[in-house]
Amino acid sequence: HAVAALGGSVIDSNPKEFSATVIIKDTNSDVKRALDLLAQAGIAVQSLAVHKPTLDDVFLSLTRKHPLEETAEVK
């Protein structure tokens, strides 16, 4: 299960879509780390997208107390 493999960096997931969203601070090293964790768990990645924070993300970060960083969505 991808959420278990990615651990505490998961901020959102959708089991119906088989997706998980994680916060990343350094695009290169954090994306590589996430892909390595998934590969070690035997989980194939169908797609991956990196998104910069939007104004909605800023609002949600402030109201949910999530740190404001880039996110990567893995499917």
Side-chain angles (χ1 to χ4, degrees):
H1 191 257
V3 173
L6 294 169
S9 61
V10 175
I11 61 167
D12 191 23
S13 64
N14 185 328
K16 291 180 183 179
E17 293 183 5
F18 300 102
S19 69
T21 301
V22 296
I23 292 177
I24 57 175
K25 294 180 182 180
D26 179 277
T27 304
N28 293 329
S29 64
D30 290 346
V31 168
K32 182 182 180 322
R33 180 181 168 277
L35 291 173
D36 288 345
L37 289 170
L38 293 170
Q40 289 171 4
I43 298 168
V45 176
Q46 184 180 15
S47 67
L48 177 121
V50 176
H51 304 278
K52 297 251 185 218
T54 64
L55 287 177
D56 287 340
D57 294 330
V58 172
F59 175 77
L60 292 174
S61 171
L62 294 172
T63 59
R64 290 186 188 171
K65 309 252 188 290
H66 285 297
L68 181 61
E69 304 290 345
E70 290 183 270
T71 61
E73 184 174 354
V74 177
K75 286 191 178 185

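These numbers come from the heavy atoms of this one structure, side chains and all, not from hydrogens, waters or symmetry mates.
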The criterion is side chain to side chain contact (heavy atoms under 4.5 Å, CB included); which residues satisfy it with A39, sequence neighbours excluded? none

With sequence neighbours excluded, tell me which residues meet side chain to side chain contact (heavy atoms under 4.5 Å, CB included) with N14.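 Partners of N14 by the side chain to side chain contact (heavy atoms under 4.5 Å, CB included) criterion, ordered by chain and then number, come out as K16, E17, S19.
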
What are the two closest heavy atoms between [X] and [Y], and how far apart are they?
X	Y	value
L38	A5	CD2-CB, 4.2 Å
V3	V10	O-CG2, 4.0 Å
T27	I24	CA-CD1, 4.2 Å

CD1 of I11 to CG of L6, rounded to nearest 0.5 Å, is 12.0 Å

If I take atom CD1 from residue I43 and atom CG from residue L35, how far apart are they, to the nearest 0.5 angstrom?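 If we round to the nearest 0.5 Å, I43:CD1 and L35:CG are 11.5 Å apart.
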
Does any pair with a residue in residues 33-43 pass side chain to side chain donor-acceptor pair (under 3.5 Å), and if so which ones, sequence neighbours excluded? K32-D36

